[in-house]
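Some notes on the structure that comes next.
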Amino acid sequence: MKPNLEALGSRIQNFFDRQTVDKIARETKFVQRESPVDGSIFLRSLVWGCLEQPRATLKHWAQVCLDLGVTITAQGIDERINAYSLAFLQKMFSQAMEQFKNNLPLPLAILQQFTAINLIDSSIQALPDNLVLEYPGSGGSGPRASLKIQLVFDFLHGNLAQFAVRAGNEPDQKYRSYLAVVPKGSLNLLDLGYFCLQSFQKIMDLQAYFLTRYLHNTGLCTTAGEPLDLLATLQQAGSASVELNLLLGFKKRLPVRLLALKAPQEVADRRRQKARE
């Protein structure tokens, strides 16, 4: 389906509506007195400035303000970058996520049985060393300071469902806020970094589904409650694929379906070599 450019243009205009933006700027205390650089000018200068130059400088933003009819120095822009501007931009980002949502799901029947298909993942961005106290890195050979972006993307509709910034040394498993955007009937895909039985239980309590890789050494039992030797079970199966209804965990037993696919010989040999190294 082709995008409705007229409707998109209308939504962009509504997002940058001066009256609405300035109201949010006052609510977040970014604007506390009359100034030529109001919430609308500040927002447009940052957004348009970064569209023109992704690595925009303070001078570049000041030039964009001048293009918008407001004279301000680079130092003046710098003075407005504080906790209030952060709260203002966070609020506007939340507004953008809501206003630019897609409403039509992918035209694939097998996917439309779910209310959403959430991809939950993170990405790390290195920062200058002077930000190490606010955003400590994970150590080792990596940067001293880094931030981690936690993202929930609804693949079914093509929407950002959640966006959060954390310190680079915070493990993914500690991030549980994604549970707030898990709707009933959704499918949630997570990698091993988020493997947590308590989180999986919460997803099931929400009447939703999760898909993840099996974390080695996590307890597995048959549906009758008997401990299962997974390796022996797979070796005895002898087939290229195995599907089992099991209980995951020993203390907290979650009913799950385990799917195992036999890797090609070349892939298996490469994995064994990596394990030996």
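Residues Ile72 and Ile81 share a single hydrophobic cluster, defined by chaining ILVMFWY side chains whose heavy atoms lie under 4.5 Å apart. Cluster membership check: Leu254 shares its hydrophobic cluster with Leu192, using side-chain heavy-atom separations under 4.5 Å among Ile, Leu, Val, Met, Phe, Trp and Tyr. Under a hydrophobic clustering in which Ile, Leu, Val, Met, Phe, Trp and Tyr are joined whenever their side-chain heavy atoms come within less than 4.5 Å, directly or via other members, Leu231 and Leu228 fall into different clusters. Residues Leu190 and Leu151 do not share a hydrophobic cluster, defined by chaining ILVMFWY side chains whose heavy atoms lie under 4.5 Å apart. Both Leu244 and Phe200 belong to a common hydrophobic cluster when Ile, Leu, Val, Met, Phe, Trp and Tyr are linked at side-chain heavy-atom distances under 4.5 angstrom.
Asp154 contributes no side-chain N or O that, together with a main-chain N or O of Ala161, makes up a donor-acceptor pair within less than 3.5 Å. Side chain of Gln32 to backbone of Lys29: a donor-acceptor contact under 3.5 angstrom is found. Not one N or O on the side chain of Asp78 forms a donor-acceptor pair closer than 3.5 Å with the backbone of Ala74. Side-chain atoms of Arg166 never come within 3.5 Å of backbone atoms of Ile149 as a donor-acceptor pair (strictly under, hydrogens ignored). Although no hydrogens or angles enter the test, the distance criterion places a donor-acceptor pair under 3.5 Å between the side chain of Thr73 and the main chain of Gly76.
Donor-acceptor pairing under 3.5 Å is recorded for the side chains of Gln150 and Tyr194. Under the 3.5 Å distance criterion, with hydrogens and angles disregarded, no donor-acceptor pair is assigned to the side chains of Ser186 and Asn118.
With rounding to the nearest 0.5 angstrom, the CD atom of Glu98 is 12.0 Å from the CG atom of Leu160. To the nearest 0.5 angstrom, Gln201 atom CD is 9.0 Å from Phe210 atom CZ. To the nearest 0.5 angstrom, Arg144 atom CZ is 9.5 Å from Asn130 atom CG. Residue His60 holds its NE2 atom at 13.5 Å from CZ of Arg55, rounded to the nearest 0.5 Å. Rounding to the nearest 0.5 Å gives a distance of 10.5 Å between CD of Gln95 and CZ of Phe100. Leu43 contributes atom CG, which lies 5.0 Å from atom CZ of Phe16 (distance to the nearest 0.5 angstrom).
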Let's go through Asp17 and Gln13 carefully: what are the C-alpha distance in whole Å and the side-chain angles of both, what is the deciding distance for side chain to side chain donor-acceptor pair (under 3.5 Å) to 0.1 Å, and is it a yes or a no? CA-CA 6 Å; Asp17 177 70; Gln13 285 184 328; over 6 Å; no
Salt bridge (charged side-chain N to carboxylate O under 4.0 Å, His left out) for Asp172 and Lys148? Distances and angles first, verdict last. CA-CA 9 Å; Asp172 289 337; Lys148 177 175 287 189; 3.2 Å; yes
Step by step, would you call Tyr135 with Val165 a side-chain contact (heavy atoms from CB on, under 4.5 Å)? CA-CA 10 Å; Tyr135 294 100; Val165 174; 3.9 Å; yes
Decide yes or no on side chain to side chain donor-acceptor pair (under 3.5 Å) for Asp67 and Gln63, but give the supporting numbers first. CA-CA 6 Å; Asp67 295 339; Gln63 179 59 51; 3.1 Å; yes
Could you walk me through whether Cys50 and Trp61 satisfy the side-chain contact (heavy atoms from CB on, under 4.5 Å) test, starting with their C-alpha distance in whole Å, then the side-chain angles of each, then the deciding distance to 0.1 Å, before giving a yes or no? CA-CA 8 Å; Cys50 288; Trp61 284 328; 3.8 Å; yes
Quick one, Thr20 with Phe15, criterion side-chain contact (heavy atoms from CB on, under 4.5 Å). Give me CA distance, side-chain angles, the key distance, then yes/no. CA-CA 8 Å; Thr20 302; Phe15 175 74; over 6 Å; no
Does the side-chain contact (heavy atoms from CB on, under 4.5 Å) test come out yes or no for Gln198 and Lys252, once each step is laid out? CA-CA 8 Å; Gln198 290 83 0; Lys252 182 183 289 293; 4.2 Å; yes
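Side-chain contact between Thr223 and Leu246 is absent, with no heavy-atom pair separated by less than 4.5 Å. At least one side-chain heavy atom of Val70 sits under 4.5 Å from a side-chain heavy atom of Pro36. By the 4.5 Å heavy-atom criterion applied to side chains, Leu258 and Leu220 are counted as neighbours. Between Thr218 and Phe250 there is no side-chain heavy-atom pair separated by less than 4.5 Å. Side-chain atoms of Arg18 and Ile41, non-hydrogen and from C-beta on, do get closer than 4.5 Å to each other. Looking only at side-chain heavy atoms (C-beta outward), Asn159 and Lys101 come within less than 4.5 Å of each other. Between Ser199 and Gln173 there is no side-chain heavy-atom pair separated by less than 4.5 Å. By the 4.5 Å heavy-atom criterion applied to side chains, Leu189 and Ile117 are counted as neighbours.
Taking the six-membered ring wherever Trp is involved, the centroid distance between the rings of Phe30 and Tyr84 does not fall below 6.0 Å.
The number of heavy atoms from other shown groups lying within 6.0 Å of CZ (Arg271) does not exceed 12. The number of heavy-atom neighbours closer than 6.0 Å to OH of Tyr209, taken from other residues, nucleotides and ligands shown, is 12 or below. In Glu134, the CD atom is crowded: over 12 heavy atoms of neighbouring residues, nucleotides or ligands sit closer than 6.0 Å. The number of heavy-atom neighbours closer than 6.0 Å to CD1 of Ile110, taken from other residues, nucleotides and ligands shown, is 12 or below. Counted within 6.0 Å of CD on Gln113, heavy atoms from surrounding residues, nucleotides or ligands total more than 12; the atom is thus considered enclosed.
Closest heavy-atom contact between Ser241 and Leu261: CB-CD2, 3.6 Å. The shortest non-hydrogen separation linking Ser146 to Pro143 is CB-CG, 4.2 Å. Ala237 and Val242 make their closest contact through CB-CG2, 3.6 Å (heavy atoms, listed as atom of the first residue, atom of the second, distance). Closest approach of Ile203 and Leu179 over heavy atoms only: CG1-CD2, 3.7 Å. Across all their heavy atoms, Val182 and Ala208 have their closest contact at CG1-CB, 3.7 Å. Here the closest heavy-atom approach between residue Gly249 and residue Leu197 is recorded as CA-CD1, 4.0 Å.
Counting only residues at least two apart or on different chains, the salt bridge (Lys or Arg N to Asp or Glu O under 4.0 Å) pairs with a member in residues 226-251 are Glu243-Arg257. The list of ring pair (Phe, Tyr, Trp, His ring centres under 6.0 Å) pairs with a residue in residues 146-186, not counting sequence neighbours, reads Phe93-Phe163.
Exactly one residue among Asn188, Ile120, Asp121 makes a side chain to side chain contact (heavy atoms under 4.5 Å, CB included) with Val152. That residue is Ile120.
With sequence neighbours left out, the side-chain hydrogen bond (donor to acceptor under 3.5 Å, both in side chains) criterion links Thr115 to no other residue.
For the pair Lys202 and Asp205, the salt-bridge criterion is not met [side-chain N within less than 4.0 Å of a carboxylate O].
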